[in-house]
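None of the values given here were measured: they were computed from a predicted structure. Note on naming: letters A, B, ... go to the chains in the order of the sequence lines (proteins, then strands), and numbering restarts at 1 for each one.
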Protein chains: 2
Amino acid sequence: MSRNRPREEQANGQGDGVPGNGATAVRTAANGTAAAPASGARPTILDLAALCGVSPATVSNALADKPNVKAETRDLVRRKAREIGYHASSAARGLRMGRSWSIGLVVGDIANPFVPDVVRGVEDVVWRERKNLILCNTDFQAEKKTAYVRSLLDKQIDGMIVLSQILDAHDMERVAAAGIPLVTVNRRAPDFSTDYVGIDNQSGVRMAVDYLVSLGHRRIAFVKGLFRSSSADDRFAAFQAAVQAHGLDGDPSLAVQGDYSMESGDSAARSLMALSQRPTAILAANDLMALGALGALHDLGIRVPADVSVVGFDNIQLAEHPLLNLTTINHPKRETGDAAARLLLQRIAGDRTEPPRSVVLKPSLIVRGTTAPPQAVPKPRRRRPAAARGTAEGG
Amino acid sequence: MSRNRPREEQANGQGDGVPGNGATAVRTAANGTAAAPASGARPTILDLAALCGVSPATVSNALADKPNVKAETRDLVRRKAREIGYHASSAARGLRMGRSWSIGLVVGDIANPFVPDVVRGVEDVVWRERKNLILCNTDFQAEKKTAYVRSLLDKQIDGMIVLSQILDAHDMERVAAAGIPLVTVNRRAPDFSTDYVGIDNQSGVRMAVDYLVSLGHRRIAFVKGLFRSSSADDRFAAFQAAVQAHGLDGDPSLAVQGDYSMESGDSAARSLMALSQRPTAILAANDLMALGALGALHDLGIRVPADVSVVGFDNIQLAEHPLLNLTTINHPKRETGDAAARLLLQRIAGDRTEPPRSVVLKPSLIVRGTTAPPQAVPKPRRRRPAAARGTAEGG
DNA sequence: TTGTACGCGTTATCAC
DNA sequence: GTGATAACGCGTACAA
């Protein structure tokens, strides 16, 4: 608190720590020699202008690299600005320019392991343009969603990314009316009116089913996700289509409803294992549910993959842990965030009337240790020196 | 795109989607009857004032519930505001009031499973006051950190939370000079000048060691975290103290350096198992490293907890998965975020000269399946019907 | 209740 | 070509 800034304690003792408090008069009245700002209050463009002996307009132009300012003057302004630590107030320039250099990122639940990776991708791109990210966690509640959108619009955000959700019609309309570019991720706007980034759920699910079929599975269960998030229906539809295409067992009791949580995967697996005729494989609409299923099967003493194969979707970070070692469909998460941010920035910079674009990323199959031919002699779920573990892992 | 807003396509066709573009003249010139804003441009306080037949000052007062406005007028203003969808521009009121109703949240890596839970706690509290969260992901890079702080200050944020990092002296000073309240989480400011939320690492580590000792372990290894994040040194110091107190084997080769990543836990375990005299238990400074160790031990064919016990720290969500089932020290993550946000909001609202406060949360021991007496007949890592899994899990 | 100064940059217009 | 002047963006707070 008392590094090389003089009279710190005194200033604080007078309540000068509070911004915009009383120091105004001192500052605006440029005192003889230097016109340096009164300590504690942040310098304004007027301070800097006075200090450089030019007009505020010139300062603005100089800092913005406008052509109508002599190189000499520009450098002077630059130097002095650095000296006194001048930075333009975002509020002021935001008010004037109608922008805020920040973009709104609306997510359902940041604590879902899928989300932070996407956020990371977004942040990375946005950061390059020195824009800020306003994180809005909606908990999938309609009112919270609406309130956040309101707030973002009031802040004049430059753009908005909505992850695994849809805005209701009213919110959508407000965003459009404000002319704010919007990119939706994982769920398309009902009217296809916005830029979109997603994954080819169809082929992802298809890859999983094809793989299971190639192993010899004919009776494959599916754990559905919740409609509200991501493209749960896409994935289920793709599953049904794949079942059709392969002429697999279409028993409707093999499709159970989950909600993308680990718990729901747990109970889904339990109910599937309670069926008189069990499936030989379980495909879950996301990794969390697949992991939940894995846990339930473990508790039930059912061997994976010897007795039942399990496949997830998303490839979250921990799926590759040797003890989980989940076969899954990779969802390029960071690339998703990256693509969304790119689309958004392009839209912000460019022509906003061009028709909406889509980026559909390719999923890929990650074969790990939770899949094997049905009823087969179980093989070890991972390379390892012999003689260690028992049959539990399928040895 | 074409719900009940008339002439949408035409408006867009004329490039009217771009904010603050040309519509100004139309709007400010209040036309006879209603003075409703030109479609497309957002209404200002002047529009609303004209519409209500009062001054903008009265509108402002009415919406702010100031006492100096007749109830009748207030209701009229409120109603009309809702009708035309008036919301004050944050930039304008921010400029005037020197605030932004947003708080900066500086994290090292949002993709670290520890972080989103804390963020969730912060968001929850901040949301109640309808403030926004600006997420700054620094990747632990000094320049990025500094640039973000700069940007946050330019935005006149109301307050700032820094998670598991320290700002360098210059940044610290800037924040202090701007009078922006700051709460540090998991790492104290070197000069103890800010509000702080953390966990009692001392007693957390102590609980873990005590527990291992109570099981009969005498040779306990420790996987250190990286200095840059969290209180790695606290935890290591606590470990050393506990080793002393219990008179355990103080062999320095039992302390290996990690970096909080799963990979580092993996290699730490491998190097520990390569020792001529192996430890009987491994305590890691966070769960990720503990899980890495678990994976390595699995690959090496070393049984957990039969041959080696493993304890983590943090209790991340997936630690309780039945297949991981990690014994660990719980770090109340959401409560941490909650407490940090509360401290911050109090500081924002209240007296900023009061001395800094600290909140130190209590860790707790979560006994799961990765711990057992050394060399003991292994017990199952979790309840389950008999006869299922082999000895792998320690049956 | 209202008029108006103010917060702080940016940009269009104008002068040299 | 350089640079100054002034209007402007939009609320808020204080004096009237």
Side-chain angles (χ1 to χ4, degrees), chain A residues 18-25 27-29 37 41-50 52-77 81 86-101 153-156, chain B residues 18-30 37 41-50 52-74 76-77 81 84 86-101 153-156:
Chain A
V18 181
N21 203 17
T24 308
R27 188 183 65 253
T28 45
R42 59 186 286 169
T44 75
I45 200 172
L46 294 176
D47 297 315
L48 184 53
C52 298
V54 298
S55 77
T58 299
V59 170
S60 178
N61 288 329
L63 294 176
D65 246 336
K66 291 281 174 62
N68 58 337
V69 49
K70 201 170 22 172
E72 199 179 334
T73 326
R74 176 167 48 73
D75 294 343
L76 171 70
V77 170
Y86 170 77
H87 279 254
S89 146
S90 306
R93 58 205 319 255
L95 175 58
R96 184 60 232 239
M97 302 173 76
R99 289 186 294 154
S100 64
W101 300 274
L153 294 182
D154 294 348
K155 282 218 161 68
Q156 310 250 60
Chain B
V18 181
N21 203 17
T24 308
V26 180
R27 187 183 66 255
T28 45
R42 60 186 283 169
T44 76
I45 200 170
L46 293 176
D47 297 314
L48 183 52
C52 298
V54 298
S55 77
T58 300
V59 170
S60 178
N61 290 328
L63 294 177
D65 245 336
K66 292 280 175 61
N68 56 340
V69 49
K70 206 170 16 169
E72 200 179 333
T73 331
R74 177 167 49 74
L76 172 68
V77 171
I84 65 172
Y86 169 77
H87 279 254
S89 146
S90 305
R93 58 206 318 256
L95 176 57
R96 184 63 233 241
M97 301 174 78
R99 288 187 293 154
S100 63
W101 300 272
L153 294 182
D154 294 348
K155 282 218 160 69
Q156 310 250 62

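Across the interface with DNA chain C, nearest-nucleotide mapping of B:V69 and B:A92 shows B:V69 to be the residue nearer the 5′ end.
Atom P of nucleotide D:dG11 and atom CG of A:D154 are separated by 10 Å, given to the nearest angstrom. Spacing between atom CG of B:D47 and atom C1' of D:dC10 amounts to 11 Å, rounded to whole angstrom units. We find that CZ of A:R93 is positioned 13 Å from C1' of C:dT11, with the value rounded to whole Å. Atom CD1 of A:I45 is separated from atom C1' of C:dG7 by 13 Å (rounded to the nearest Å). In this structure, B:L95 atom CG and C:dC6 atom P are separated by 14 Å, rounded to whole Å. Atom NE2 of B:H87 and atom P of D:dG9 are 21 Å apart (whole Å). One can place CG of B:L48 at 12 Å from P of D:dT12, the figure rounded to the nearest angstrom. For B:R99 and C:dC8, the CZ to C1' distance is 18 Å, given to the nearest whole Å.
Nearest to the side-chain atoms of B:V54 among the listed nucleotides D:dG11, C:dG9, C:dT2 stands C:dT2. The side chain of B:K70 has C:dT1 as its nearest neighbour among C:dT1, C:dC8, D:dT12.
Residues that satisfy the side-chain contact (heavy atoms from CB on, under 4.5 Å) test with B:L76, not counting sequence neighbours, are B:C52, B:R79, B:K80. Shown here are the side chain to side chain donor-acceptor pair (under 3.5 Å) partners of A:S100, two or more places apart in sequence or in another chain: A:S102. With sequence neighbours excluded, the residues satisfying side-chain contact (heavy atoms from CB on, under 4.5 Å) with B:D154 are A:R42, A:H87, A:S90, B:R150. Residues satisfying the salt bridge (Lys or Arg N to Asp or Glu O under 4.0 Å) criterion with A:R96, sequence neighbours excluded, are absent altogether. Checked against salt bridge (Lys or Arg N to Asp or Glu O under 4.0 Å), A:R93 has no partners two or more places apart in sequence or in another chain. Residues meeting the side-chain contact (heavy atoms from CB on, under 4.5 Å) test with B:A57, sequence neighbours left out: B:S55. Evaluation of the side-chain contact (heavy atoms from CB on, under 4.5 Å) rule for A:D75 yields no partner, not counting sequence neighbours.
With a 4.5 Å cut-off on side-chain heavy atoms, B:I45 and B:S60 count as touching.
Dashed line: the shortest gap from a side-chain N or O of B:T73 to OP1 or OP2 of C:dT1 is under 4.0 Å. Using a 4.0 Å cut-off, no side-chain N or O of A:T44 falls inside it from OP1 or OP2 of C:dG7.
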Distances under 3.5 Å between protein N/O atoms and the N/O atoms of nucleotides 13-16 of chain D, please, pair by pair.
from	atom 1	to	atom 2	distance (Å)
D:dA13	OP2	B:K66	NZ	3.3

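Across all strands shown, A:S55 has heavy atoms under 4.0 Å from base atoms, whether or not it also approaches the sugar-phosphate.
The two residues A:P56 and A:A49 make their nearest non-hydrogen contact at N-CB, 3.6 Å.
Comparing the end axes of the helix from C:dT1-D:dA16 to C:dC16-D:dG1, each fitted to five base pairs by superposing C1' atoms of four pairs onto the next four, gives an inter-axis angle of 50° (nearest 10 degrees).
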